[in-house]
Amino acid sequence: MSQKNSILKVENISKQYRLGVVGTGTLSHDLNRFWHKIRGKEDPYLKVGETNDRSTKGNSEYVWALQDINFEVEQGEVLGIIGKNGAGKSTLLKILSKVTSPTTGIIKSKGRIASLLEVGTGFNPELTGRENIYLNGAILGMTKKEITSKLDEIIDFSGCQRYIDTPTKRYSSGMTVRLAFAVAAFLEPEILVVDEVLAVGDAEFQKKAIGKMQDISREGGRTVLFVSHNMAAVKSLCTRGMLIENGKTTFFGDIDKTIDLYLKSSVFSFTNDNYVAFKKENTAIEISRFQIGSVNSLNEKSSSSGILMGDSLEFMMFVSVKQAYHNLKASIIISNASGTRIAAIRSHEIMEESFSATKDFIFKVTVPDLKLMPGDYTVTIALAENNTTISIKEDCLGFSIIPNDIYGTGRIPKGNLFIYSNALWELNQE
């Protein structure tokens with residue numbers, strides 16, 4: 001550990017798996033590993049394997065779920081670990097929680113680590129909620145007296161008072177995660193590791209859980225490692241962030257910068273060139289019974305860095321129709337960087353009549369002024385027939401709004417807001 005108040009240090013952590021089998025899969029591989037070990041040589045299979053990219057087909061039967069992960073966390077810090085599905089986040093947390101061991105690297109930590117990796121982690125389904133509280137406390141190294149002193153708080157926070165003496169196998173997933181989180185939070189571990197499980201709970205519980213994690217980090221001086229795809233929760237809770245892509249750390253630092261990089265890597269930004277290429281090659285993304293080829297944000301004043309405030313936007317997509325459709329409606333939903341939906345543009349609210357389609361068509365929407373404040377935004381597009389959704393593409397486009405003198409006064413609107421508005425100010429004095 002370094003001289004600063006560090007509670008967790010990860011050095012060169014890597015994890016290798018062999019696809020399709022448990023362990024190395026063959027006796028010859030095991031003997032080969034053993035032979036190299038007794039000769040004092042490096043494991044020969046550490047030199048093989050491919051990057052952890054789930055979207056591509058590899059040539060090697062070995063894959064590196066994690067590669068050379070290095071970071072250090074201080075006491076009382078809340079670290080947000082974000083990345084796409086399959087990036088290696090859960091594998092990292094399992095290694096930190098000692099559920100599995102790393103292939104290479106070492107971990108240095110101080111104090112107890114409590115983990116909430118999956119719904120009901122560490123629970124015996126045959127035991128009651130009360131008995132599982134004592135079981136988990138014992139696993140954490142606490143005495144029965146220490147657990148009893150916290151028992152009422154745990155039960156009250158979980159909201160499972162009525163079922164606390166019922167076997168947890170009869171709990172719903174939401175009830176189970178409520179109790180599991182309460183146990184992990186109130187039994188005062190030095191490091192609390194929380195995976196995506198909070199998403200199982202309802203909105204009221206998620207708010208309580210985030211508040212509790214803030215309390216234990218700020219007031220209790222305890223460290224929290226938090227994995228979530230809810231960027232609003234990550235931003236409100238975490239002080240620093242780590243972005244993982246294909247098993248490697250691509251950024252470690254300020255949480256706002258981490259979220260910004262994640263969002264920009266997680267959306268598809270189509271251009272007019274993509275659209276032309278699509279028409280020539282006829283390569284489309286098939287979604288339900290429609291094929292959505294491209295979505296564009298077109299503006300003569302826009303640049304590679306973003307679109308100026310006050311500029312008009314144009315969204316366009318190519319739809320390949322497989323059969324005749326009638327009473328079609330389209331919607332464009334715009335969300336901010338935290339995933340909050342802030343604007344909806346719906347064809348049936350503007351057009352006098354719905355439309356029908358019997359052959360391929362181009363769908364274009366022009367918005368003179370969205371009145372968006374500077375920031376990053378994502379777009380979801382949906383098509384419906386007779387009020388039934390038949391095609392939807394979530395977060396298919398990402399774009400940025402950059403500051404602009406929209407009023408012509410030399411002053412640019414500021415503030416942590418989503419929209420701006422033109423207004424006529426008048427001053428009357430008697």
Side-chain angles (χ1 to χ4, degrees), residues 4 6-15 51-55 65-96 107 116-117 191-199 206 209-210 213-214 216-218 222-269 305-306 335-340 373-378 394-395 397-402 416 418:
K4 62 182 180 179
S6 175
I7 194 170
L8 177 66
K9 188 174 184 180
V10 172
E11 298 178 347
N12 302 316
I13 288 295
S14 296
K15 181 66 176 179
T51 301
N52 178 25
D53 187 352
R54 59 180 168 78
S55 62
L66 294 173
Q67 275 188 293
D68 298 324
I69 303 294
N70 293 273
F71 65 92
E72 194 166 350
V73 186
E74 296 182 29
Q75 184 175 348
E77 185 175 6
V78 183
L79 177 67
I81 304 174
I82 59 179
K84 298 177 183 179
N85 291 332
K89 306 183 299 298
S90 295
T91 300
L92 175 60
L93 294 193
K94 288 177 181 178
I95 291 174
L96 297 177
I107 299 170
L116 198 58
L117 304 179
I191 302 173
L192 177 60
V193 177
V194 183
D195 207 342
E196 189 64 72
V197 291
L198 294 187
Q206 290 183 39
I210 291 173
M213 284 189 282
Q214 289 174 330
I216 64 177
S217 63
R218 295 172 185 172
R222 293 178 175 80
T223 301
V224 179
L225 304 183
F226 183 53
V227 167
S228 178
H229 292 287
N230 184 338
M231 292 302 106
V234 172
K235 188 170 184 177
S236 66
L237 178 64
C238 302
T239 51
R240 284 200 296 171
M242 181 168 69
L243 178 60
I244 298 180
E245 292 183 2
N246 300 329
K248 298 179 179 179
T249 303
T250 58
F251 183 79
F252 186 92
D254 177 71
I255 189 61
D256 290 333
K257 179 66 174 178
T258 308
I259 293 174
D260 180 62
L261 291 172
Y262 167 69
L263 291 173
K264 288 182 177 178
S265 69
S266 300
V267 296
F268 303 165
S269 185
S305 61
S335 303
N336 67 358
S338 298
T340 302
M373 290 289 283
D376 296 326
Y377 299 89
T378 60
E394 301 275 358
D395 298 330
L397 170 68
F399 66 94
S400 298
I401 298 292
I402 56 180
N416 188 23
F418 299 144

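Everything quoted here is computed from the prediction, not taken from an experiment.
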Visitor: Ignoring hydrogens, what is the shortest heavy-atom contact between L237 and Q214? Give both atom names and the distance.
Guide: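 Heavy atoms only, the tightest pair is CD1-CG, 3.3 Å.
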Visitor: Rounded to the nearest 0.5 Å, what separation is found between the CD1 atom of I81 and the CG atom of L96?
Guide: 6.5 Å
Visitor: Can you name the closest pair of heavy atoms from S90 and D195 and give their distance?
Guide: OG-OD2, 2.8 Å
Visitor: How close do Q67 and K248 get, counting heavy atoms only, and between which atoms?
Guide: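 Heavy atoms of Q67 and K248 come nearest at OE1-CE, 3.0 Å.
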Visitor: With no hydrogens and no angle check, is any side-chain donor or acceptor of K89 less than 3.5 Å from a backbone partner on L243?
Guide: no
Visitor: Distance from I210 atom CD1 to S228 atom OG, nearest 0.5 Å?
Guide: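 Between atom CD1 of I210 and atom OG of S228 there are 7.5 Å.
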Visitor: How about F252 and M242: do any of their side-chain heavy atoms sit closer than 4.5 Å?
Guide: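 Of all side-chain heavy-atom pairs linking M242 with F252, at least one is under 4.5 Å.
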Visitor: Does the side chain of M373 come within less than 4.5 Å of I401's, by heavy atoms?
Guide: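 A side-chain contact under 4.5 Å is absent here.
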Visitor: Can you list the steps and then say if N70 with N12 is a side-chain contact (heavy atoms from CB on, under 4.5 Å)?
Guide: CA-CA 5 Å; N70 293 273; N12 302 316; 3.2 Å; yes
Visitor: Is there side-chain contact between T250 and L261, with heavy atoms separated by less than 4.5 Å?
Guide: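 No, their side chains stay 4.5 Å or more apart.
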Visitor: Heavy atoms, side chains only, cut-off 4.5 Å: are V78 and M213 in contact?
Guide: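 No, too far: nothing below the 4.5 Å cut-off.
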Visitor: As an exercise, state the distance from CD1 of I69 to CD of E11, rounded to the nearest 0.5 Å.
Guide: 13.5 Å
Visitor: Do L66 and I95 come close enough that some side-chain heavy atom pair is under 4.5 Å?
Guide: yes
Visitor: On a heavy-atom basis, which atom in K235 and which in I259 lie closest, and how many Å separate them?
Guide: CB-CD1, 3.7 Å
Visitor: Which value, rounded to the nearest 0.5 Å, describes the distance between I216 atom CD1 and L192 atom CG?
Guide: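 If I round to the nearest 0.5 Å, the distance is 4.5 Å.
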Visitor: Indicate the atoms forming the closest heavy-atom contact of G83 with Y262, along with that distance.
Guide: C-CE1, 3.6 Å
Visitor: So does E74 get a backbone contact from the side chain of T223, meaning a donor-acceptor N/O pair under 3.5 Å?
Guide: yes
Visitor: For the residue pair L225 and L8, what are the closest heavy atoms and their distance?
Guide: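 Minimum heavy-atom separation between L225 and L8: CD1-CD2, 3.7 Å.
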Visitor: Begin from the C-alpha positions of T249 and F71 and carry the test side-chain contact (heavy atoms from CB on, under 4.5 Å) through to its verdict.
Guide: CA-CA 9 Å; T249 303; F71 65 92; 5.7 Å; no
Visitor: Any chance you could measure D256, atom CG, to R240, atom CZ, to the nearest 0.5 Å?
Guide: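 With rounding to 0.5 Å, CG (D256) is 14.0 Å from CZ (R240).
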